[in-house]
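Inspection log for the structure reproduced underneath, given as structure tokens.
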Amino acid sequence: MLDEPEPHCLRDSAVERDQMAAQDVEDLLAQPIRPGAHLALDAAILARMRQAFSTGLVRKACGGCGWHGLCSTIAAGGYRDTQVQRPALPGKR
Ligand code: SF4
């Protein structure tokens, strides 16, 4: 939790997970995934990424993660009731 004195989400392990996840996606999509990069998603890319997650192809970062069960359940359910939301861009609504 972020209200803990040393939230694990802010520790090096979270940075390492982010790097592993980015590398997985980079390998899958054959395009650089760097901080600040914009990834243009369409239905085909999203389906490909979801399939890769469901089969474990892009889950190197998930080992030992406390959310593993939840994320696996969501994937096993076909991502039902999940949403992908466009991030708000500065100065735009
Ligand atoms: S299990 Fe879920 S929260 Fe944890 S690293 Fe994998 S995708 Fe992220």
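One is the number of the first residue; the rest follow in order along the sequence. Just follow the structure's listing: the first ligand is 1, and inside any ligand the first atom is 1.
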Just which atoms of ligand 1 are under 4.0 Å from any heavy atom in Arg59?
1 (S)
Please check atom 5 (S) of ligand 1 for a protein heavy-atom neighbour under 4.0 Å.
yes
Has Asp24 got a side-chain atom pairing as donor or acceptor with Ala61's backbone, closer than 3.5 angstrom?
no
Residue pair Ser72 / Arg59: nearest heavy atoms and the distance that separates them:
OG-NH1, 2.9 Å
If you group Ile, Leu, Val, Met, Phe, Trp and Tyr whenever their side-chain heavy atoms sit less than 4.5 Å apart, what else falls in with Val84?
Val25, Leu28, Leu29, Ile33, Leu39, Leu41, Ile45, Leu46, Met49, Phe53, Leu57, Val58, Trp67, Leu70, Ile74, Tyr79
Connected-component partners of Met20 among ILVMFWY, side-chain separation under 4.5 Å:
none
Under 2.8 Å from atom 4 (Fe) of ligand 1, which protein atoms of type N, O or S occur, listed by chain and number?
Cys65 SG
Numbered in order shown, the ligand 1 atoms found under 4.0 Å of a heavy atom of Phe53 are 7 (S)
Across all chains, not counting sequence neighbours, the side-chain hydrogen bond (donor to acceptor under 3.5 Å, both in side chains) partners of Glu26 are Arg34
